[in-house]
Amino acid sequence: MYLVTMLGNLLIILAVISDSHLHTPMYFFLSNLSLADISFSTTTVPKMLLNLQTHSKSMSYAGCLTQGTVFTLFGCLDSLLLAVMAYDRLVAICQPLHYLVIMSPRHCGLLVLLSFFISLLDSQLLYLMVSQLSFCADVEIPHFFCEPSLLFNLACSDTSIDNILIYFIGAIFGGVPLSGILFSYYRIVSSILRMPSSGSKYKAFSTCGSHLSVVCLFYGTGLGVYLSSAVSSSPRKYAVASVMYTVVTPMLNPFIYSLRNRDIKSALWRMVKNAISERLRRCLSPTELKNLTRVSEFFLLSVSDDLELQPLLLGLFLSMYLVAVLGNMRIILTVSSDSHLHTPMYFFLCNLSLADIGFISTSVPKMIVGIQTHSRVISYGGCLTQMSFLILFGCMEDLLLTVMAYDRFVAICHPLHYSAIMNPRLCCFLVLLSFFISLLDSQLHNLIVLQFTCFKDVKMSNFFCHPSQLLHLACSDTITNDIVMYFFGLIFGGVPVVGIFCSYYKIVSSILRVPSIGGKYKAFSTCGSHLSVVCLFYGTGIGDYFGSALLPSPRKDVVASVMYTIVTPMLNPFIYSMRNRDIKSALWRLYSRRV
């Protein structure tokens, strides 16, 4: 939420600065509001995130005073800027002929500076009041940040006068801007109602829509927090309610202005197009840039161009695909139907089989259709979709194998605590976390590819849209693309591998300390199937990588890719069926029940 707030408001500021069409008073005030929102959110959220990460809730006295002062400064600045923007709309609608004269650049700059100095005065008054207080032994603030009003409740001295001053200051620095906004909209509505045509009324009021939404959100959430603190005695509920105006409101403001404002949307679109054009201008010559058109489809490479081999290839790949899907479906059905297999290990195995089905279904059906129809064309959208799902399920398999290694580590190294550690809640959390990390990986690749509007070639040297090959076809500098690709590979692929190695290092160390040979064999036999699948998955993946690096022939690269995209998902259920006594027993019970 914090990153969305930062990026959203920075985009608003960047759009207003970079687009001359937005150099008007309304967007000048909007950019200052976005800057205030960034600062308002930055005052509280980073410290809260640090506390969550370090499990430390302490804060120094000076830090607390600083946070409370800066929080008041930007909160008050938000309120005053909204009042100034309401005044701007009042002048634009009620006095349109004198708008440019009244809202001159000098006047606009003066209004923003005046808002800042009034907010600074408000924050310094509160700072002086709090710094005079003496605190008792109880220094626990029932909130996730140092809200000034809560500090008065912790003071040892009499704070009745201070409370009166707080309400007075709140009435002056909060009530006056709100009264100004209400008065401005009263005049605006009165002026709009006097307009003769409904079209003019709609056009006039539409310019206020975004501002009115932000005003309602800002004061509505603030009032909601005040009422919740008065009604509910729970500090936790008060803190949760405070999240609305300290985190949610600054996050939603740029979206409200972007979605409801045609000028902002146009400016953002022009900014994106200019950035893409500049990127193209750097990587292409003028002749190439002139002749360039957007790619709408790609051509995939077939396994073989020999027409006589096509029926054989069709039968072979169709059989392998059916064997893979049926084998993994059988694992899922067996685990689901047999209560003896309702354990964490087989729960993860079920999800691995599901990921295998998704992984092989991403590329093989398209290849089978291509062989049958003699068509190797795939649309741009279809290529991106195939690439996204391939990365999603590939990364999911990678992470699930890591989770299964961790499960085996707990089972062997902490057998007495296994049921407590690997409880159903943790197991579900690990699977969901694996899915969302994989989804993040696939979407990051998608975002990288979507920034390219042109490609040097439309011929893919594989039977599916391979991410690395798609990036190499882009017209921009391939060195940058390679660095980004290797970085993602290191993070989303290397970290799980390290996790698996660490788990097996601890497992082997633990097994070697077992006194009897029978105990060692029994402990290690529970890892046999998983270790075989890990070797197969990473072995074929590394083989494909080195094959593409060492072999210049795209056709040989395709054959190498078949190993980890088709053969690995097909063999996984057989490995678990043949090497695992529990699975074999469950399959036999399932078969006997049906007979």
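Remember, it's a predicted structure, so these values are computed and weren't measured experimentally. Values reported hereafter were calculated over all heavy atoms of this structure, with side chains retained and with hydrogens, waters and symmetry mates removed.
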Task: Any donor-acceptor N or O pair under 3.5 Å, side chains Thr42, Tyr2 - done: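 Present: a donor and an acceptor within the cut-off.
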
Any heavy-atom pair between the side chains of [Y] and [X] that's under 4.5 Å?
X: Met251; Y: Asp37; value: no
X: Asn32; Y: Phe116; value: no
X: Val91; Y: His98; value: no
X: His211; Y: Tyr185; value: yes
X: Ile38; Y: Phe74; value: no
X: Leu73; Y: Leu77; value: no
X: Ile181; Y: Tyr219; value: yes
X: Val112; Y: Val84; value: no

Open item on the list: Atom OH of residue position Tyr127 - does it have more than 12 heavy atoms of other residues, nucleotides or ligands inside 6.0 Å?
Closed with: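 Result for OH/Tyr127: open.
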
Open item on the list: For the CZ atom on Phe389, are there more than 12 heavy atoms of other groups (residues, nucleotides or ligands in this structure) within a distance under 6.0 Å?
Closed with: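 Check fails, neighbour count at 12 or below.
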
How long is the straight-line distance from [atom2] of [Y] back to [atom1] of [X], given to the nearest 0.5 Å?
X: Met1; Y: Leu252; atom1: CE; atom2: CG; result: 7.5 Å
X: His55; Y: Leu50; atom1: NE2; atom2: CG; result: 11.0 Å
X: Phe255; Y: Ser210; atom1: CZ; atom2: OG; result: 14.0 Å
X: Leu33; Y: Phe28; atom1: CG; atom2: CZ; result: 12.0 Å
X: Asn351; Y: Leu430; atom1: CG; atom2: CG; result: 10.5 Å
X: Ile391; Y: Leu439; atom1: CD1; atom2: CG; result: 11.0 Å

So, for [X] and [Y], which heavy atoms are closest and what is the spacing to 0.1 Å?
X: Thr43; Y: Gln67; answer: O-NE2, 3.0 Å
X: His107; Y: Ile102; answer: ND1-O, 2.6 Å
X: Pro250; Y: Phe40; answer: CG-CD2, 3.9 Å
X: Ile93; Y: Ser191; answer: O-OG, 3.9 Å
X: Leu399; Y: Ser434; answer: CD1-O, 3.4 Å

TODO: Not counting sequence neighbours, list each pair that qualifies as a disulfide bond (SG atoms under 2.5 Å apart) and has a residue in residues 171-218.
DONE: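 Qualifying pairs: none.
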
Task: Inter- and intrachain pairs under disulfide bond (SG atoms under 2.5 Å apart), touching residues 24-76, at least two apart - done: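 Every pair satisfying disulfide bond (SG atoms under 2.5 Å apart) with a residue in residues 24-76: Cys64-Cys146.
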
Open item on the list: Set out, in order, the CA-CA distance, both residues' side-chain angles and the distance that settles side-chain contact (heavy atoms from CB on, under 4.5 Å) for Ser123 and Val70, then state yes or no.
Closed with: CA-CA 7 Å; Ser123 66; Val70 177; over 6 Å; no

For [Y], does its backbone N or O pair with a side-chain atom of [X] as donor and acceptor, under 3.5 Å?
X: Ser438; Y: Met396; result: yes
X: Ser131; Y: Leu128; result: yes
X: Asn9; Y: Pro254; result: no
X: Asp122; Y: Ile118; result: no
X: Ser79; Y: Gly75; result: no
X: Gln386; Y: Thr362; result: yes
X: Ser104; Y: Leu100; result: no

- [ ] Sort and list the pairs that fulfil side-chain hydrogen bond (donor to acceptor under 3.5 Å, both in side chains) and have at least one residue in residues 57-66, not counting sequence neighbours.
- [x]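 Every pair satisfying side-chain hydrogen bond (donor to acceptor under 3.5 Å, both in side chains) with a residue in residues 57-66: Ser56-Ser58.
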
Side chains of residues 12-26: which donor-acceptor pairs under 3.5 Å do they make with residues two or more places apart or in other chains?
{"unit_1": "Ser18", "atom_1": "OG", "unit_2": "Leu14", "atom_2": "O", "d": "2.8"}
{"unit_1": "Ser18", "atom_1": "OG", "unit_2": "Ala15", "atom_2": "O", "d": "3.4"}
{"unit_1": "Asp19", "atom_1": "OD1", "unit_2": "His21", "atom_2": "N", "d": "2.9"}
{"unit_1": "Asp19", "atom_1": "OD1", "unit_2": "His21", "atom_2": "ND1", "d": "2.7"}
{"unit_1": "Asp19", "atom_1": "OD1", "unit_2": "Arg270", "atom_2": "NH2", "d": "3.3"}
{"unit_1": "Asp19", "atom_1": "OD2", "unit_2": "Arg270", "atom_2": "NE", "d": "2.7"}
{"unit_1": "Asp19", "atom_1": "OD2", "unit_2": "Arg270", "atom_2": "NH2", "d": "2.7"}
{"unit_1": "His23", "atom_1": "NE2", "unit_2": "Val16", "atom_2": "O", "d": "3.3"}
{"unit_1": "His23", "atom_1": "NE2", "unit_2": "Ile17", "atom_2": "O", "d": "3.2"}
{"unit_1": "His23", "atom_1": "NE2", "unit_2": "Asp19", "atom_2": "O", "d": "3.4"}

TODO: With sequence neighbours left out, write down each residue that passes side chain to side chain contact (heavy atoms under 4.5 Å, CB included) with Leu90, or none if nothing qualifies.
DONE: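 Listed in chain order: Tyr87, Cys94, Ser184, Arg187, Ile188.
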
TODO: For Phe218, check ring pair (Phe, Tyr, Trp, His ring centres under 6.0 Å) against everything at least two apart and list the hits.
DONE: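 Here no residue qualifies.
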
TODO: Please say which of Leu111, Leu30, Val214 ends up in a side-chain contact (heavy atoms from CB on, under 4.5 Å) with Met85.
DONE: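 Only one option passes, and that is Leu30.
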
